[in-house]
Amino acid sequence: MERITVALRAQDPISQAGVASQLRTRPEVSVTEWGEGDDSPQIVVVVVDTVDEAVLTMLRHIQRTSTSRTVLVTTDIDEQKLVSAAECGVAGVVRRSESTPEHLVQVIGTVARGEGHLPSDLLGRLLEEVGRLQGQVLGPRGLHFTGLAAREVDVLRLVAEGYDTADIATKLAYSERTIKNVLHSVMTRLQLRNRSHAVAYAMRQGLI
């Protein structure tokens with residue numbers, strides 16, 4: 001079995017040494033030095049007490065300069081801090097009180113396979129937070145977590161149904177220029193090749 005390469009970033013040397021000593025005894029992982037770019041380990045384990053601005057800056061740096069996926073081990077985290085961490089590329093979260101070597105290695109393996117991990121109570125609260133943000137913040141502005149506004153979804157739905165630009169303009173009471181601009185904006189912003197690609201994207205997101 002190929003070992004997962006793991007680098008550690010901790011806020012204090014005691015935590016760094018403690019987690020390193022636990023992981024070095026595990027056959028599933030290989031503890032390595034932190035590297036950037038092509039030399040990036042598969043996983044970076046970040047060990048902190050709380051998710052503050054300094055930690056978010058560290059997480060953004062990892063996301064920006066490496067190909068590594070990040071597992072966050074933290075004492076204190078709530079749903080808002082979790083959203084901030086997720087925006088910085090964190091794919092797995094483990095509470096320090098639950099970070100036995102067995103559990104940490106299990107989460108590292110999960111994240112290395114391209115999946116994610118959250119404590120079950122945080123997952124429920126995160127879903128509630130996402131719903132609140134959509135309903136109270138994004139929805140009133142015509143925005144969605146998918147990156148598409150309500151008008152853009154309407155246009156793509158009609159494209160998927162086979163209507164041309166003139167028909168869509170008539171149905172939605174917009175000018176043809178507006179419909180073309182909406183489609184151009186979606187394709188440019190999301191780097192989609194053409195209308196069919198845009199429709200496929202919307203379908204994958206469950207919008208149409």
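Note: hydrogens, waters and symmetry copies are ignored here, and every other heavy atom, side chains too, is used.
P119 and R95 make their closest contact through CB-NH1, 3.4 Å (heavy atoms, listed as atom of the first residue, atom of the second, distance). Residues E53 and R60 approach most closely at OE2-NH1, 3.1 Å, considering heavy atoms. Minimum heavy-atom separation, Q42 to R3: OE1-O, 3.7 Å. Taking both residues in full, the closest heavy atoms of A85 and L72 are given as CB-CD2, 4.2 Å, listed atom of the first, atom of the second, then distance. In this structure, L192 and A198 approach most closely via the heavy-atom pair CD1-CA, 3.5 Å. The shortest heavy-atom contact between Q22 and P101 is OE1-CG, 3.4 Å.
Among residues two or more places apart in sequence or in another chain, the side-chain hydrogen bond (donor to acceptor under 3.5 Å, both in side chains) test is passed with R96 by S15, D49. Partners of E115 by side chain to side chain contact (heavy atoms under 4.5 Å, CB included), not counting sequence neighbours, listed by chain and number: T110, R113. Under the ring pair (Phe, Tyr, Trp, His ring centres under 6.0 Å) criterion, H197 pairs with no residue at all, not counting sequence neighbours. When the side chain to side chain contact (heavy atoms under 4.5 Å, CB included) test is applied to A166, the partners found at least two apart in sequence or on another chain are D164, E176. Residues meeting the side chain to side chain contact (heavy atoms under 4.5 Å, CB included) test with S185, sequence neighbours left out: E152, R189.
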Full working for side-chain contact (heavy atoms from CB on, under 4.5 Å) between T70 and L59 | CA-CA 8 Å; T70 304; L59 295 173; 3.8 Å; yes
side-chain contact (heavy atoms from CB on, under 4.5 Å) between L158 and D167, intermediate numbers included | CA-CA 9 Å; L158 291 172; D167 292 332; over 6 Å; no
Show your working on side-chain contact (heavy atoms from CB on, under 4.5 Å) between R151 and V182 and close with a plain yes or no.
-> CA-CA 8 Å; R151 181 171 68 172; V182 167; 3.7 Å; yes
Just do the side-chain contact (heavy atoms from CB on, under 4.5 Å) check on L183 and L156 with the steps written out, would you?
-> CA-CA 8 Å; L183 287 168; L156 288 176; 3.9 Å; yes
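If you take NE2 on H61 and SG on C88, they are separated by 13.0 Å, rounding to the nearest 0.5 Å. Rounding to the nearest 0.5 Å places CG of D76 at 11.0 Å from OG of S97. To the nearest 0.5 Å, atoms CD (E28) and CD (E2) are separated by 14.0 Å. Rounded to the nearest 0.5 angstrom, S84 OG and D52 CG are separated by 11.0 Å.
Using modelled atom types and a 3.5 Å distance limit, the side chains of R195 and T165 yield a donor-acceptor pair. Remark: the T74 side chain and the K81 side chain contain no N/O donor-acceptor pair separated by less than 3.5 Å.
Side-chain contact between Q63 and E87: absent, with no pair of heavy atoms (C-beta onward) separated by less than 4.5 Å. Side-chain contact between I77 and T50: absent, with no pair of heavy atoms (C-beta onward) separated by less than 4.5 Å.
In this structure, Q11 contributes its side chain and V48 its backbone to no donor-acceptor pair below 3.5 Å. A donor-acceptor distance shorter than 3.5 angstrom exists from the side chain of S66 to the backbone of S68, with no hydrogens or angles considered. Side-chain N or O atoms of S175 include one that pairs as donor or acceptor with a backbone N or O of T178 at under 3.5 Å.
Grouping Ile, Leu, Val, Met, Phe, Trp and Tyr by side-chain contacts under 4.5 Å, direct or through others, puts V73 with I4, V6, L8, V19, L23, V29, V31, I43, V45, V47, V71, V94, L104, V105, V107, I108, V111.
Geometrically, R157 does not engage Y163 in a cation-pi contact defined by less than 6.0 Å to the ring centre and at most 45° from the axis.
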